[in-house]
Amino acid sequence: MLADYGYIALLLIAAITVPALILLLAKVVAYKSKRPDPDNVKSSTYECGMQTIGSSWVQFNFRYYFYALLFVIFDIETVFLYPWAVYFRQLKFFGFIEMLIFILILVVGLVYAWRKGVMEWK
Amino acid sequence: MGVWDYIVDLFVNVRTDWIEFLQGQGLASSLVVFLDGLIGITLILMFVFPTVIIFIWLERRFIGWIQLRPGPNRCGPFGLLQPVADAVKVLFKEIIHPTEGDKLILWIAPALVFFSALMLFAVIPIGEGSLGALSDLNIGILYIVAIGSLGVIALFMAGWGSNNKYALLGAMRAVAQLISYEVPMVLAIIGVVLIVGSLQMSEIVGKQTIPFILLQPLGFLIYFLGALAELNRSPLDQVEAESELTTGYFTEYSGMRFATFFLGEYINTLVVATIVTTVFLSGWKGPFLPVWLWFVAKVFAVFLLMLWMRATLVRVRVDQIMAFSWKFLIPLALINIFITAGEVLIWDEWMSGWESFPWPFIFVNWAVAAILILLWSKLFFKLGGGRVEVREIRDRYSQGYGVNPSAPVP
């Protein structure tokens with residue numbers, strides 16, 4: 001049992017090492033320009049060729065906020081669904097009805113959000 | 001054991017012999033795990049990297065073939081060395097990073113994409129039994145769901161760290177799209193978990209006397225479409241829509257850091273193809289041929305299906321993508337769960353499991369899937385599938401008023 005997670009830990013190390021090695025190798029062998037860049041144009045952020053205006057780290061209207069809220073609700077729902085699915089054979093009909101009620105409560109929320117037009121692009 | 005028997009289940013046999021050899025040396029059990037893990041990881045990497053290179057070649061070649069053009073055909077036979085040549089070229093390219101960006105986050109992001117994709121291979125079984133996967137966790141599916149969602153953070157790190165407006169917008173879209181499609185994907189797998197009654201990958205493959213795509217057609221479709229969106233592949237690649245966002249979250253990336261992103265995306269594609277293979281297409285199982293050959297063949301079949309969709313369909317608009325997930329896939333996934341649960345009840349009460357006589361259920365499930373998709377698409381469009389204004393414009397157009405929005409409403 002614990003050995004299973006030993007393998008995961010080994011893969012964790014390998015999965016960190018491989019991309020790190022690739023990136024480090026690139027850092028060593030990649031071409032390095034010696035040309036001066038007086039106006040800091042080359043290393044400024046790309047904005048269709050014109051001079052960059054301001055930073056993008058600003059406050060702006062985040063349209064996906066309601067999706068994020070709905071996601072939290074439904075992701076937590078799936079956390080409840082997985083153990084239910086594994087033990088469904090023992091729970092039988094009782095489990096079926098119980099999960100039906102649980103999902104219905106959430107679906108009411110989804111339908112409400114749908115009818116309110118939250119999930120529409122305006 | 002003959003040579004053929006050894007080859008048939010290569011991954012498991014190599015590991016079994018290696019473990020036996022190590023135990024024969026009288027090593028501590030933790031050291032055996034360590035050395036066995038090294039061999040397992042080496043074998044997995046030996047599978048992953050060549051396959052990814054072939055994937056990159058295949059994508060360009062196959063789409064070229066569909067679009068009646070040759071595709072890359074200069075480097076090596078059939079252009080097979082093209083990905084290698086590209087990799088070498090990109091390795092020597094200068095790495096430019098924006099001075100205003102967050103340097104550390106820009107470095108970590110591509111590595112994290114790579115990392116999260118590679119971690120998923122731990123639980124994918126390539127052979128029979130508990131040694132088939134590197135680590136046959138008893139929570140295999142849950143592990144995949146958990147680690148698989150790490151990639152979102154990497155994309156947002158790349159977008160935010162660049163301090164570029166296109167990159168930030170691309171990253172926002174990426175986060176919204178990826179979290180939206182995660183829910184239907186996760187719900188689609190629950191149908192399979194209900195039938196199997198376990199989260200262990202080896203058991204999921206073991207129980208598949210027939211591929212679960214037959215019993216779970218709707219689940220397969222939902223998972224597959226969700227996976228296409230998770231991978232930002234056409235037709236659901238709004239995240240990196242060139243015509244709107246340059247290339248989305250990796251606008252500021254160049255040289256090998258870009259290539260690491262690219263490689264990570266392809267490893268992700270490979271791992272999703274292996275998950276679809278394992279969960280819905282009965283994994284390594286198959287007659288006559290070696291199990292790993294069956295596995296690779298199914299993985300390539302899934303990948304070719306993705307390419308086919310990319311070459312056939314046009315890109316979907318961003319509001320349509322979000323609506324498709326929340327108003328189409330999630331309700332259908334929820335219905336699918338309860339249909340499957342009802343069938344499991346029937347199997348347990350009146351039959352001795354589905355294995356003995358699955359055909360009526362296969363027929364019913366395919367029929368239900370077809371009817372549900374047809375009915376729900378009607379409802380979906382009736383309730384204004386995407387943007388409401390689009391429906392209004394369409395109504396105007398159908399009434400002969402043209403598409404000019406300032407024209408008077410009849």
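Residue numbers begin at 1 in each chain, while the letters A, B, ... track the order of the sequences.
To the nearest 0.5 angstrom, A/Tyr82 atom OH is 8.0 Å from B/Leu187 atom CG.
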Evaluate the criterion side-chain contact (heavy atoms from CB on, under 4.5 Å) for residue pair A/Trp84 and B/Ile337; output intermediate values, then yes/no.
-> CA-CA 11 Å; A/Trp84 170 79; B/Ile337 287 174; 3.8 Å; yes
Apply the test side-chain contact (heavy atoms from CB on, under 4.5 Å) to residues B/Phe338 and A/Ile103: give CA-CA distance (whole Å), side-chain angles for both, the deciding distance (0.1 Å), then the verdict.
-> CA-CA 10 Å; B/Phe338 284 106; A/Ile103 299 278; 3.5 Å; yes
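Using a 4.5 Å cut-off between heavy atoms, B/Val145 contacts chain A through its side chain alone, with no backbone atom that close. Interface remark: A/Leu106 contributes no atoms to any contact with chain B (heavy atom separation under 4.5 Å). Only the side chain of B/Ile96 comes within contact range of chain A, judged by heavy atoms closer than 4.5 Å. Within the 4.5 angstrom heavy-atom criterion, only side-chain atoms of A/Glu77, from C-beta onward, approach chain B. Contact annotation for A/Val79: neither backbone nor side-chain heavy atoms come within less than 4.5 Å of a heavy atom of chain B. In this structure, the portion of B/Lys93 lying under 4.5 Å from any heavy atom of chain A is its backbone and not its side chain. With a 4.5 angstrom heavy-atom cutoff, B/Thr260 touches chain A only via side-chain atoms. When heavy atoms are compared at a cutoff of 4.5 Å, B/Leu169 does not approach chain A at all. Using a 4.5 Å cut-off between heavy atoms, B/Ile267 does not touch chain A at all. Residue contact with chain A, scored on non-hydrogen atoms closer than 4.5 Å, involves the side chain of B/Trp347 exclusively. The part of B/Ile330 that comes within reach of chain A is its side chain, from C-beta onward, which places non-hydrogen atoms under 4.5 angstrom from that chain. The contact between B/Ile141 and chain A is made entirely by side chain atoms (from C-beta outward), counting heavy-atom distances below 4.5 Å. For B/Leu91, the parts lying under 4.5 angstrom from a heavy atom of chain A are both the backbone and the side chain.
Of the listed residues (B/Val123, B/Ile41, B/Leu45, B/Leu120), just one forms a side chain to side chain contact (heavy atoms under 4.5 Å, CB included) with A/Leu11, and that residue is B/Ile41.
No side-chain heavy atom of B/Met256 sits less than 4.5 Å from a side-chain heavy atom of A/Leu24. In this structure, the side chains of A/Phe88 and B/Val193 stay at 4.5 Å or more apart for every pair of heavy atoms.
If you tally non-hydrogen atom pairs under 4.5 Å between each of B/Val113, B/Leu142, B/Leu263, B/Asp36 and chain A, the highest count goes to B/Asp36. Listed options B/Tyr143, B/Phe121, B/Tyr166 were ranked by heavy-atom pairs under 4.5 angstrom with chain A; first place goes to B/Tyr166.
More than 12 heavy atoms of other residues, nucleotides or ligands sit less than 6.0 Å from atom CZ of A/Phe102.
Relative to the ring axis of A/Tyr67, B/Arg173 does not place its NZ or CZ within 45° and under 6.0 Å from the centre.
By the 4.0 Å N-to-carboxylate-O rule, B/Asp348 lies too far from A/Lys92 to be salt-bridged with it.
Taking the six-membered ring where tryptophan is involved, the planes of A/Phe74 and B/Trp326 are perpendicular, since the angle between them exceeds 60° and thus also 30°.
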